[in-house]
Amino acid sequence: MQRIRLRYTKRGRLRFTSHRDFQRAFERALRRAEVPMAYSAGFTPHPKVSYANAAPTGTGSEAEFLEIALVEARDPDKLRDLLDESLPPGLDIVDAVEARTPGLADRLTASVWELRLDGVARQEAEDAVAAFLAAESVEVERRTKSGMRTFDARGAVAGLDVDRSRPDRPGDTPCAILRLVVRHVTPAVRPDDVLSGLRAVADLAPPVPAAVTRLAQGLFDEESGTVTDPLAPDREAVRPAASAAAGTAAATAPEGAGSA
C-alpha cells in the first residue's frame, strides 16, 4: 500500500467552504481522477483519507494537508496534477510527496497567519499589538459545542507583528496587515481569538471583518521562531533512496556497457 501526502489551498470565495464540503469535493475528485484508493473495511467502506488540522470555515489557506492510501503505486506529481484538474479553482492541490516518514500530524505544531485589517491604521495596529504582547495573559471567550468557554489567547502566540513592507500611501484607505504565529494547543487558539484579544487589551475593532489566510503550517522551531515545511522529511527520505538505487544500477551494469 502506498501513502501520498498532499498540500492544498482554499483561495478566494472557496475560503467559505466548510471542511465537510471539501471532503465531498475531494472524494468526487478521487473518483474522477480514477485514483486506486484503499478503502476501509466494514458495512460502509470509505476511502482511506486522513485530514490534518483543517482551517476554520471563512479563512483562506495556502497550507492544508491530507494523506491518502492507494492500493497501486502512482507517481506523486502526476497524481497531484490529475486531482488538481478535478477540483474547482480555489481548491488547488499544490504539492504531493510519497509518505516515507511517520507522524505527519505530529509535525503540525504551529501555523503562520496573515490578518488583513481594512480600515485600521498601521500605527493603531502597532499600539494594539504591543499591548497584547506585553500582557501576561489575555482572556477571551468563544462559543463551543458545550457552551461559552473562557481561555487565554496570549500563551499560544509565538509571534505577532505588523507588516511594514507595504508603506501607507496618501489618500489610500488605511489597512494594517498582521503576521501571526500561533502554536497548536488545546483548546485551539484561532486568529479570531487573537483579534478578540486585541479588542480586549486595546479596543482594536476593525470596521469590517478581517480577511484571514493561513500562510504556512508545520513544525515550530523554538530557536528561530519559524515554521518548517512538514513535507520536507519525506522529500529528504526520497533522495537517499533514489541515490542508492542509481548506485546499485551502476554497480550491476555489465562492464563496457554504453561504450561504442
Side-chain angles (χ1 to χ4, degrees), residues 8-22 25 53-64 88-92 94 110-135 137-145 147-185 187-217 227:
Y8 67 95
T9 71
K10 289 173 59 179
R11 296 169 173 161
R13 294 172 61 186
L14 272 298
R15 69 185 185 276
F16 296 107
T17 303
S18 70
H19 183 55
R20 184 170 294 181
D21 290 337
F22 174 78
N53 196 39
T57 302
T59 63
S61 181
E62 295 295 315
E64 301 297 288
L91 297 178
D92 304 315
V94 294
S111 289
V112 181
W113 297 90
E114 181 185 90
L115 286 63
R116 181 184 178 91
L117 310 181
D118 287 303
V120 174
R122 187 169 64 193
Q123 187 59 55
E124 182 184 5
E126 289 178 345
D127 292 343
V129 166
F132 182 92
L133 294 177
S137 66
V138 179
E139 289 193 345
V140 298
E141 288 187 335
R142 188 207 307 151
R143 184 173 297 281
T144 66
K145 294 179 180 179
M148 293 299 294
R149 183 169 185 176
T150 301
F151 57 94
D152 176 27
R154 174 65 184 90
V157 174
L160 178 62
D161 56 36
V162 181
D163 185 354
R164 301 185 65 87
S165 65
R166 309 176 199 185
D168 293 333
R169 297 176 181 175
D172 283 356
T173 301
C175 177
I177 308 293
L178 306 186
R179 187 178 181 88
L180 167 69
V181 181
V182 62
R183 297 181 182 88
H184 298 167
V185 297
V189 173
R190 302 173 180 174
D192 57 318
D193 299 322
V194 174
L195 290 171
S196 296
L198 291 169
R199 186 179 305 112
V201 300
D203 198 28
L204 181 70
V208 296
V212 179
T213 303
R214 175 148 56 192
L215 302 179
Q217 183 180 189
V227 174

Worksheet item: Is there a side-chain contact between Glu141 and Thr150 (heavy atoms, below 4.5 Å)?
Response: yes

Worksheet entry | More than 12 heavy atoms from other groups under 6.0 Å of CZ on Arg179 | no

Worksheet item: Between Phe151 and Val189, is any pair of side-chain heavy atoms under 4.5 Å apart?
Response: yes

Response to the item:
To the nearest 0.5 Å, atom CG of Leu178 lies from atom CZ of Arg116 at 11.5 Å

Worksheet item: Considering only heavy atoms from C-beta outward, does the side chain of Tyr8 approach that of Val94 to under 4.5 Å?
Response: no

Fill in: Approximate separation, where rounding is to 0.5 Å, of Thr9 OG1 and Glu64 CD
9.0 Å

Worksheet item: Pick one: which of Leu204, Val129, Leu117 meets side-chain contact (heavy atoms from CB on, under 4.5 Å) with Glu124?
Response: Leu204

Fill in: Pairwise distance OG1(Thr17) to NZ(Lys10) - rounded to 0.5 angstrom
6.0 Å

Practice prompt. Please determine if Arg154 and Glu139 form a salt bridge, counting it only when a charged side-chain N lies under 4.0 Å from a carboxylate O.
Written response: no

Practice prompt. Measure across Leu198 and Ala128 and return the closest heavy-atom pair with its distance rounded to 0.1 Å.
Written response: CD2-O, 3.5 Å

Worksheet item: Could you state the interatomic distance from CZ (Arg199) to CG (Asp192), rounded to the nearest 0.5 Å?
Response: 9.5 Å

Discussion item. Does any part of the side chain of Arg214, heavy atoms only, come nearer than 4.5 Å to the side chain of Thr59, both counted from C-beta?
Written reply: no

Worksheet item: Which heavy-atom pair separates His184 from Asn53 by the least distance, and what is that distance?
Response: CE1-ND2, 3.0 Å

Fill in: Side chain Thr213, main chain Leu215, donor-acceptor under 3.5 Å
no

Worksheet item: Do Thr173 and Asp118 have side chains that get closer than 4.5 Å, going by heavy atoms?
Response: no

Worksheet item: For the atom pair CG (Leu195) and CZ (Phe132), what is the distance rounded to the nearest 0.5 Å?
Response: 9.5 Å

Practice prompt. Can you measure from OG1 (Thr57) to CZ (Phe22) and round to the nearest 0.5 angstrom?
Written response: 12.5 Å

